[in-house]
Engineer: 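Provided herewith is a single structure, encoded as structure tokens, for subsequent inquiry.
Proteins come first, then strands; the chains are lettered A, B, ... in the order of their sequence lines, and each starts at number 1. What you see below is based on every heavy atom in this structure, not just the backbone, and it leaves out hydrogens, waters and symmetry mates.
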2 protein chains.
Amino acid sequence: MGRKKVEIKRIGDKNSRQVTFSKRRKGLLKKAKELSILCDADVAVVVFSNRGRLYDFYSTNRFLIKSLHIVRSFF
Amino acid sequence: MGRKKVEIKRIGDKNSRQVTFSKRRKGLLKKAKELSILCDADVAVVVFSNRGRLYDFYSTNRFLIKSLHIVRSFF
DNA sequence: AGGTCTATGTATAAAGA
DNA sequence: TTCTTTATACATAGACC
């Protein structure tokens, strides 16, 4: 999805890896939200950067999702 | 991303909603896996269909992700 | 670390099997 | 429901701020 086809393996260059992380993380959370709205489904996404920062999305009220959210709140 | 632009709101037609759920759910899990590999990040995705079926992905070993996985195992 | 640009790869809507 | 096919919308790689 860009100027060049990308092989799915760990990106060696630290800076590129960080840039890609930022872009794709945003894309993943967006798509999770879209899925939950379009299809009336419960969705949770949790992303942990290797520097320990946490990014997440929880769609709603289903018990499992709530439980995950509660677990997440301990961190 | 298809023949027609789609508004992000609940899909009314039950069959279309199911078809879209199947496609996008698969796409979301794929992208979660790609993100975890490319960027060496921990990722968890949990999707619950409104008919109660569960689909999920957990990248790896980080404690939070493990915890989420443990919670998930109770369901 | 985040935003813009834009060429190009990818995901997916709709239809049909 | 699940797989194909095809056209099109969307995400994003790389370059530059």
Engineer: Looking at the side chain of B/K4, which of C/dA14, C/dA11, D/dA9 is the nearest nucleotide?
Structural biologist: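 Between C/dA14, C/dA11, D/dA9, the one nearest the side chain of B/K4 would be C/dA14.
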Engineer: Is there side-chain contact between A/K33 and A/F57, with at least one heavy-atom pair below 4.5 Å?
Structural biologist: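 Answer yes - side chains close enough.
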Engineer: Calculate the interatomic distance between B/K5 atom NZ and D/dA11 atom P; express it in whole Å.
Structural biologist: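 Nearest whole value for this atom pair: 9 Å.
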Engineer: Donor-acceptor check, side chain of A/R17 to backbone of A/R10, threshold 3.5 angstrom: yes or no?
Structural biologist: no
Engineer: Distance criterion of 3.5 Å, no angle test: do you see the side chain of B/R24 paired donor-to-acceptor with the base of C/dT12?
Structural biologist: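 It does not, because no donor-acceptor pair links the side chain of B/R24 to the base of C/dT12 below 3.5 Å.
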Engineer: From the set D/dC10, D/dT2, C/dT10, return the single nucleotide nearest to any side-chain atom of B/V19.
Structural biologist: D/dT2
Engineer: Check the distance between D/dA11's P and A/R25's CZ and give it to me in whole angstrom.
Structural biologist: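 Whole-Å distance recorded here is 16 Å.
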Engineer: Distance criterion of 3.5 Å, no angle test: do you see the side chain of A/K23 paired donor-to-acceptor with the base of D/dA13?
Structural biologist: yes
Engineer: By nearest atom, which of the nucleotides D/dA13, D/dT2, C/dA11 is closest to the B/K31 side chain?
Structural biologist: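 The nucleotide sitting nearest to the side chain is C/dA11.
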Engineer: What is the distance, to the nearest angstrom, from the CG atom on A/L28 to the P atom on C/dT10?
Structural biologist: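 One finds 17 Å between P of C/dT10 and CG of A/L28, rounded.
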Engineer: If each of A/S22 and B/K26 is mapped to the nucleotide of DNA chain C with the nearest heavy atom, which maps nearer the 5' terminus, i.e. the 5' end?
Structural biologist: A/S22
Engineer: Measure from CD1 on A/I8 to P on D/dT12 and round the result to the nearest Å.
Structural biologist: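 The distance from CD1 of A/I8 to P of D/dT12 comes to 11 Å, rounded to the nearest Å.
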Engineer: Taking side chain as C-beta onward, heavy atoms only, is B/R24 less than 4.5 Å from A/L38?
Structural biologist: yes
Engineer: Would you kindly give the CD-to-P distance between A/Q18 and C/dG3, to the nearest whole Å?
Structural biologist: 13 Å
Engineer: Taking the side chain of B/T20 as its heavy atoms from C-beta onward, which of D/dA9, D/dA11, C/dA13 lies nearest to it?
Structural biologist: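 So the side chain of B/T20 is nearest to C/dA13.
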Engineer: Establish whether the base of C/dT12 is bridged to the side chain of B/R3 by a donor-acceptor pair shorter than 3.5 Å.
Structural biologist: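 Answer no: no donor N or O sits under 3.5 Å from an acceptor.
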Engineer: What integer distance in Å separates A/M1:CE from C/dT10:P?
Structural biologist: 8 Å
Engineer: Within the 4.5 Å heavy-atom criterion, are B/Y58 and B/V46 side-chain neighbours or not?
Structural biologist: yes
Engineer: Nearest whole angstrom, please: distance from the P of D/dG14 to the CZ of A/F21.
Structural biologist: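 From A/F21 CZ to D/dG14 P: 18 Å.
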Engineer: What do the steps show when you test B/V47 against B/V45 for side-chain contact (heavy atoms from CB on, under 4.5 Å), and what is the final call?
Structural biologist: CA-CA 7 Å; B/V47 182; B/V45 173; 4.0 Å; yes
Engineer: Can you check the A/K33 NZ to D/dA11 P distance for me, whole Å?
Structural biologist: 14 Å
